[in-house]
Amino acid sequence: MFYLLIFLLQMKLIKIKTDLIKAIEFDKRLGFVPTMGALHEGHKALIKTSQKNCKKTLVSIFINPTQFNNKKDFKTYPKNLKKDLIYLKKLKVDYVYLPTVKQIYWKKNDKIKLNKLQNILCAKFRKGHFEGVLDVLDRFIELISPQKMFMGEKDFQQFFLVKNFIENKYNTKVYICKTIRNKNNLALSSRNSLLNKQSFAASEIITKKLLKLKKEITRNTKNYKKLIFILKKELFKNFDIKIEYLECRNTHNLSTNILNKPFKLFVAYYIDNVRLIDNF
Ligand SMILES: Nc1ncnc2c1ncn2[C@@H]1O[C@H](COP(=O)(O)OP(=O)(O)OP(=O)(O)O)[C@@H](O)[C@H]1O
Ligand SMILES: CC(C)(CO)[C@@H](O)C(=O)[O-]
Ligand code: BAL
């Protein structure tokens, strides 16, 4: 433990808000990568992008309770702080911020509300989720004032809402980083570690079918609803999954106006009681 502590001490591990403010006070070109831990190559891609574009990089690990709409999901969210810190040390991250709930929620902020048009996809099925995400990132940015923040394309709706909210309120610029996938194109995600072997393999097959569906819709966009209906039927027949949504949205405004427009296929489904999301 002592050696781990020494090993980790070289990396600025910060738990107290005042220590954070002191540590970064002269860092004008700071890159910020917010995470909930259980780090993987997807987070590594964000960190590498921050290190390429910013003088210093700060990574936060905070499993934000207010964005969880399901107690079990919060309770079972994967955690391995020791492994995460060693991972970040190897990546030569400058600062790691590990706040407590009390540190983050020390004051009451104005209530954040989504409008009706935003109540789609994960906002529709995870009541209060994005209000929680926007609130916690508002608090992080107010505290850190990074020049840039980096987020993953895997959570495209999150990026879309966060970019709009944060860039309207702060000078921080929010950047999207490509989704990192495994060799069978399954999007890396902390929750993947909660899947048993069968469900993990099934998720890889489902991903392959969704990638094929995206190609079919790109070729034949006007029939996208029929193509989605056909695949949904096949997935229900062959897999023990519950699909929350499988829909196409315009990538500029997340509307359903996709004819001759850039669009993504969005999916959220439960497999083995684990909720996975992706977009293609
Ligand atoms: N496979 C990935 N490729 C690129 N970015 C990713 C990937 N997975 C997560 N991210 C990004 O990492 C940041 C932190 O996400 P988080 O810590 O919730 O990890 P996660 O893998 O998304 O976990 P989960 O989806 O199970 O909650 C977010 O901006 C998220 O979009
Ligand atoms: C951005 C974030 C770290 C805020 O808690 C979380 O929503 C996540 O990990 O995507
Ligand atoms: N990156 C996903 C965050 C969440 O599921 O709360």
Side-chain angles (χ1 to χ4, degrees), residues 40-42 69-70 72-73 114-127 129-130 133 151-161 176-280:
H40 51 67
E41 298 282 309
N69 57 305
N70 173 321
K72 187 161 176 278
D73 187 22
L114 298 189
N115 63 45
K116 234 168 129 280
L117 279 178
Q118 293 168 319
N119 192 29
I120 57 169
L121 303 173
C122 285
K124 187 172 162 192
F125 289 94
R126 295 186 72 179
K127 288 275 162 267
H129 168 66
F130 287 120
V133 169
M151 307 193 80
E153 185 178 20
K154 177 181 75 75
D155 300 86
F156 186 87
Q157 185 182 14
Q158 170 176 265
F159 163 76
F160 181 86
L161 293 168
I176 194 167
C177 301
K178 280 253 157 275
T179 300
I180 305 299
R181 299 176 179 279
N182 76 0
K183 62 183 184 344
N184 295 318
N185 283 316
L186 179 66
L188 301 188
S189 166
S190 308
R191 289 186 178 88
N192 291 352
S193 63
L194 302 173
L195 297 173
N196 63 37
K197 218 159 140 252
Q198 293 73 12
S199 304
F200 188 90
S203 300
E204 291 182 321
I205 299 168
I206 291 166
T207 299
K208 196 169 167 209
K209 290 176 180 297
L210 291 170
L211 281 164
K212 186 165 164 277
L213 174 63
K214 170 68 189 288
K215 285 198 185 100
E216 284 164 1
I217 293 174
T218 306
R219 275 199 304 271
N220 180 7
T221 312
K222 61 183 185 334
N223 288 323
Y224 80 94
K225 285 186 179 161
K226 184 159 172 271
L227 293 166
I228 288 176
F229 177 77
I230 293 166
L231 183 68
K232 261 181 154 175
K233 252 177 74 179
E234 183 196 333
L235 294 178
F236 282 134
K237 189 163 147 271
N238 299 322
F239 299 96
D240 180 14
I241 60 168
K242 184 187 132 217
I243 299 176
E244 276 193 344
Y245 60 77
L246 177 58
E247 49 186 276
C248 291
R249 293 262 168 186
N250 178 316
T251 47
H252 285 318
N253 54 22
L254 291 183
S255 75
T256 51
N257 171 19
I258 65 162
L259 287 181
N260 306 315
K261 298 269 191 300
F263 72 91
K264 276 179 171 289
L265 176 66
F266 290 90
V267 68
Y269 64 96
Y270 280 91
I271 182 164
D272 198 9
N273 284 321
V274 178
R275 186 174 188 274
L276 300 180
I277 69 167
D278 203 344
N279 60 82
F280 309 91

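No experiment lies behind these values; they were computed from the predicted model shown. These numbers come from the heavy atoms of this one structure, side chains and all, not from hydrogens, waters or symmetry mates.
Taking each heavy atom of A202 and F239 in turn, the nearest pair found is CB-CD2, 3.9 Å. Contact record, K154 with T179: N-OG1, 2.9 Å, taken as the closest heavy-atom pair.
Summarising the local packing, NZ of K127 is surrounded by more than 12 heavy atoms from other residues, nucleotides or ligands at distances under 6.0 Å. Residue-environment remark: CZ (F236) exceeds the threshold of 12 foreign heavy atoms within 6.0 Å.
Taking K209 as the reference, E234 meet the salt bridge (charged side-chain N to carboxylate O under 4.0 Å, His left out) condition, with sequence neighbours excluded. Listed by chain and residue number, L114, N119, F130, Q157 satisfy the side-chain contact (heavy atoms from CB on, under 4.5 Å) test with A123 (two or more places apart in sequence, or in another chain). Judged as a side-chain contact (heavy atoms from CB on, under 4.5 Å), and not counting sequence neighbours, the contacts of C177 are L46, T49, F150. Annotation: side-chain hydrogen bond (donor to acceptor under 3.5 Å, both in side chains) contacts of K212 (sequence neighbours excluded): E216. Legend: residues meeting side-chain hydrogen bond (donor to acceptor under 3.5 Å, both in side chains) with E204, ordered by chain and number and at least two apart, are N182, N184. Contacts of N273 classified as side-chain hydrogen bond (donor to acceptor under 3.5 Å, both in side chains), with partners at least two apart in sequence or in another chain: none. Not counting sequence neighbours, the partners of N69 by the side-chain hydrogen bond (donor to acceptor under 3.5 Å, both in side chains) test are R126. Here E247 pairs with L121, Y245, R249 under the side-chain contact (heavy atoms from CB on, under 4.5 Å) rule; sequence neighbours left out. With sequence neighbours excluded, the residues satisfying side-chain contact (heavy atoms from CB on, under 4.5 Å) with S203 are L186, L195, Y269, I271, L276.
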*Would V267 and I206 count as a side-chain contact (heavy atoms from CB on, under 4.5 Å) if you check the C-alpha gap in whole Å, the side-chain angles of each, and the deciding distance to 0.1 Å?*
CA-CA 10 Å; V267 68; I206 291 166; 6.0 Å; no

*Please test C122 against I277 for side-chain contact (heavy atoms from CB on, under 4.5 Å), starting from the C-alpha separation and ending with a verdict.*
CA-CA 9 Å; C122 285; I277 69 167; 4.0 Å; yes

_Working note: L211 + L213, criterion side-chain contact (heavy atoms from CB on, under 4.5 Å); need CA distance, chi angles, decisive distance, verdict._
CA-CA 5 Å; L211 281 164; L213 174 63; over 6 Å; no

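The OH atom of Y270 sits 5.5 Å away from atom NZ of K242, with the distance rounded to the nearest 0.5 Å. A distance of 10.0 Å separates CZ in F200 from OG in S193, rounded to the nearest 0.5 Å. A distance of 9.5 Å separates CG in D155 from CD1 in I176, rounded to the nearest 0.5 Å.
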Under 3.5 Å, which donor-acceptor pairs do the side chains of residues 221-228 form with other protein atoms, sequence neighbours left out?
{"unit_1": "T221", "atom_1": "OG1", "unit_2": "I217", "atom_2": "O", "d": "2.9"}
{"unit_1": "N223", "atom_1": "ND2", "unit_2": "N220", "atom_2": "OD1", "d": "3.1"}

Taking distance alone, no hydrogens or angles, what donor-acceptor pairs closer than 3.5 Å link side-chain atoms of residues 250-266 to residues at least two apart or in another chain?
{"unit_1": "N250", "atom_1": "OD1", "unit_2": "H252", "atom_2": "N", "d": "2.7"}
{"unit_1": "N250", "atom_1": "OD1", "unit_2": "N253", "atom_2": "N", "d": "3.4"}
{"unit_1": "N250", "atom_1": "ND2", "unit_2": "N257", "atom_2": "O", "d": "3.0"}
{"unit_1": "T251", "atom_1": "OG1", "unit_2": "P262", "atom_2": "O", "d": "3.2"}
{"unit_1": "N253", "atom_1": "OD1", "unit_2": "S255", "atom_2": "N", "d": "2.8"}
{"unit_1": "N253", "atom_1": "OD1", "unit_2": "S255", "atom_2": "OG", "d": "2.8"}
{"unit_1": "S255", "atom_1": "OG", "unit_2": "N257", "atom_2": "N", "d": "3.2"}
{"unit_1": "K264", "atom_1": "NZ", "unit_2": "E153", "atom_2": "OE2", "d": "2.6"}
{"unit_1": "K264", "atom_1": "NZ", "unit_2": "N279", "atom_2": "OD1", "d": "2.7"}

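Under the 3.5 Å distance criterion, the side-chain polar atoms of Q118 are matched with a main-chain donor or acceptor of N115.
Counting only residues at least two apart or on different chains, the salt bridge (Lys or Arg N to Asp or Glu O under 4.0 Å) pairs with a member in residues 271-280 are R181-D278, E244-R275.
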